[in-house]
Amino acid sequence: MNNTEICEALFNAFASGDEEAVRALCTPDMQARQNNNPPFDLDSLLAFSLSVGRVVDNFRYENAKRSQTDTGFVEEHSVRGVLPDGSDLDLAVCVVADVRDGKVCELREYLDGSAAPGLTAALAEAH
């Protein structure tokens with residue numbers, strides 16, 4: 001798989017909640033960051049992703065624009081779905097990733113947090 005195929009497979013796995021596929025596409029020591037906050041590991045990323053999938057109905061990625069880079073990939077996409085209060089979730093996100101030996105080893109996600117209060121509230125209520 002080339003890096004854009006890895007990218008597509010990774011986000012398909014996240015969207016469908018396929019934890020096994022995500023693990024197969026990432027190094028065991030993969031590190032992720034959101035908006036330059038402290039890094040977290042693959043288990044934490046999966047737990048967060050599965051939590052989002054539980055609180056957002058019809059969770060999906062749309063309008064994906066992928067580019068391969070020398071060290072990985074960049075993907076811009078819209079995160080969409082319906083929040084528990086019935087409002088629409090629509091977040092513009094950019095993800096930059098490094099790939100080593102065919103696996104994602106670092107993932108950096110950037111989004112406008114001010115556009116996510118409904119998601120933040122839904123996640124807080126779920127815990």
Side-chain angles (χ1 to χ4, degrees):
M1 263 195 281
N2 67 36
N3 289 348
T4 53
E5 291 168 334
I6 291 168
C7 176
E8 182 176 11
L10 181 68
F11 287 106
N12 285 340
F14 277 128
S16 66
D18 187 343
E19 182 177 344
E20 186 176 314
V22 172
R23 286 188 186 282
L25 291 161
C26 296
T27 63
D29 63 345
M30 191 273 300
Q31 293 283 295
R33 290 179 180 264
Q34 292 178 323
N35 292 342
N36 287 323
N37 286 311
F40 48 95
D41 62 14
L42 181 56
D43 288 336
S44 298
L45 176 62
L46 283 165
F48 175 76
S49 178
L50 293 171
S51 293
V52 171
R54 282 192 292 274
V55 300
V56 178
D57 194 34
N58 195 24
F59 177 86
R60 64 200 183 279
Y61 300 106
E62 292 185 347
N63 305 317
K65 294 178 181 86
R66 296 179 192 97
S67 299
Q68 183 163 305
T69 67
D70 289 342
T71 59
F73 60 81
V74 174
E75 177 169 306
E76 296 174 75
H77 54 239
S78 299
V79 175
R80 299 235 168 100
V82 179
L83 295 167
D85 67 2
S87 65
D88 289 329
L89 174 65
D90 187 3
L91 296 174
V93 176
C94 180
V95 177
V96 180
D98 293 330
V99 174
R100 181 179 66 232
D101 299 325
K103 300 210 181 245
V104 177
C105 59
E106 188 172 342
L107 193 105
R108 298 173 303 281
E109 180 180 62
Y110 303 96
L111 62 103
D112 177 5
S114 69
L119 177 58
T120 303
L123 289 169
E125 267 185 43
H127 286 95

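Predicted model only: the values in this text are computed from it and were never measured.
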Practice task
Measure from the side-chain N and O atoms of S49 to the backbone N and O of L45, and report whether any donor-acceptor pair falls under 3.5 Å.
Solution key: no

Exercise for the section: For the pair E5 (side chain) and N2 (backbone), establish whether a donor and an acceptor sit closer than 3.5 Å, ignoring hydrogens and angles. Expected result: yes

Drop me the distance from [X]'s [atom1] to [Y]'s [atom2], to the nearest 0.5 angstrom.
X: N3; Y: L10; atom1: CG; atom2: CG; value: 11.5 Å
X: L25; Y: F11; atom1: CG; atom2: CZ; value: 11.0 Å
X: N35; Y: L111; atom1: CG; atom2: CG; value: 4.5 Å
X: L89; Y: S78; atom1: CG; atom2: OG; value: 10.0 Å
X: F40; Y: R33; atom1: CZ; atom2: CZ; value: 10.0 Å
X: D29; Y: K103; atom1: CG; atom2: NZ; value: 11.5 Å

Are the side chains of [Y] and [X] in contact, using a 4.5 Å heavy-atom criterion?
X: E76; Y: N63; result: no
X: L42; Y: P28; result: no
X: F73; Y: V96; result: no
X: Y61; Y: V93; result: no
X: Q31; Y: D41; result: yes

Problem - Sequence-distant partners of S87, side chain to side chain contact (heavy atoms under 4.5 Å, CB included), two or more places apart - result: L83, D85

hydrophobic_cluster_shared for [Y] and [X], side chain cutoff 4.5 Å:
X: V55; Y: F48; answer: yes
X: L107; Y: M1; answer: yes
X: V74; Y: V104; answer: no
X: V82; Y: V79; answer: no

Handout entry: salt bridge (charged side-chain N to carboxylate O under 4.0 Å, His left out) contacts touching residues 10-22 (sequence neighbours left out)
Key = E19-R23

Practice task
Apply salt bridge (Lys or Arg N to Asp or Glu O under 4.0 Å) to R66 and list each qualifying residue two or more places apart in sequence or on a separate chain.
Solution key: E75

Problem - Nearest heavy atoms of A13 and V22, plus distance in Å - result: CB-CG2, 3.6 Å

